[in-house]
Amino acid sequence: MLSRPRAHLAVAAVILLVDQASKAWAVDALAEGRTIEVLWTLRLRLVGNTGASFSMGDGAGHWIGLVAIGIAAALVAYGPRLRGASAQLAVGMILGGAVGNVLDRLQRPGSGFLGGAVVDFIDLQWWPVFNVADMGVVLGGILLVWATREHDEDEDEAGPGAVDAVGEPDDR
């Protein structure tokens, strides 16, 4: 299932499709300052983000976009080497989220290459406004750390001659 070498690309495609569809909906449904109250503090409100996550680094979208492209390229190249469903899922989530936000920077109006604003619309009111791509990157990052630690613990139990997280012989 997910442990196939290119499973991360399937996960990335799902994250990317959900992200882009939800952003298209948000741009249409939340136009002209409309806010939708959902539940408790959760509301949907359209915000353009030209900076990094959580609107930090406003105007640095060019550099953030270039870094995201580099990370995406590394994940495409390195992803097949990772073993385990959790690692494949995590890499796919990060990759899909990174590509989703880069697409926003490319296709939205802004100042120059990668200068467009990322569409954010999920507003908890006690946390910065975010989107599905942001969830993919953050949750995928947490899962990747967990998967790597879990694999390291399994490797410690395996002993000398074991294979590491990327399928290389352990040099112990």
Side-chain angles (χ1 to χ4, degrees), residues 1-30 42 44 46-57 60-110 113-124 127-152 154 163-168:
M1 184 172 93
L2 269 179
S3 62
R4 301 198 188 260
R6 301 254 182 232
H8 67 291
L9 297 177
V11 172
V14 170
I15 295 290
L16 181 60
L17 288 171
V18 172
D19 175 64
Q20 292 298 295
S22 65
K23 287 173 179 174
W25 172 85
V27 167
D28 184 51
L30 304 173
L42 173 60
L44 305 175
L46 193 61
V47 175
N49 179 1
T50 61
S53 296
F54 313 127
S55 298
M56 295 185 302
H62 308 304
W63 298 112
I64 295 161
L66 289 172
V67 168
I69 290 169
I71 289 170
L75 290 173
V76 167
Y78 186 70
R81 298 180 69 191
L82 292 175
R83 303 291 184 251
S86 296
Q88 290 287 307
L89 178 62
V91 168
M93 291 171 70
I94 297 166
L95 179 60
V99 171
N101 283 340
V102 166
L103 283 178
D104 276 12
R105 293 187 189 286
L106 285 170
Q107 69 187 3
R108 309 261 176 231
F113 182 66
L114 294 172
V118 172
V119 173
D120 288 337
F121 63 94
I122 303 169
D123 184 3
L124 298 172
W127 191 261
V129 183
F130 58 97
N131 59 43
V132 173
D134 296 337
M135 290 189 303
V137 169
V138 170
L139 296 176
I142 292 167
L143 181 59
L144 187 59
V145 169
W146 177 80
T148 302
R149 289 189 56 152
E150 180 181 72
H151 188 80
D152 287 347
D154 292 345
V163 175
D164 70 10
V166 294
E168 303 291 354

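- The heavy-atom pair separating Ile122 from Met135 by the smallest distance is CD1-CE, 4.2 Å.
- Each of Asn49, Leu30, Asp104 was evaluated against Val119; a single residue qualifies, Asp104, per the side chain to side chain contact (heavy atoms under 4.5 Å, CB included) test.
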As a quick check of understanding, evaluate side-chain contact (heavy atoms from CB on, under 4.5 Å) for Arg108 and Val27, giving each step before the final call. CA-CA 11 Å; Arg108 309 261 176 231; Val27 167; 4.3 Å; yes
Per-pair distances, 0.1 Å, donor-acceptor, side chain in residues 90-101, under 3.5 Å, sequence neighbours excluded:
unit_1 : atom_1 : unit_2 : atom_2 : d
Asn101 : OD1    : Lys23  : NZ     : 2.9
Asn101 : OD1    : Asn131 : ND2    : 3.2
Asn101 : ND2    : Asp134 : OD1    : 2.8

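- Rounding to the nearest 0.5 Å places CG of Asp28 at 10.5 Å from CG of Leu46.
- Atoms CG and CG, from Asp19 and Leu103 in turn, are 8.5 Å apart once rounded to the nearest 0.5 Å.
- The side chain to side chain contact (heavy atoms under 4.5 Å, CB included) test with Ser86 is passed by exactly one of Thr148, Leu143, Leu144: Leu143.
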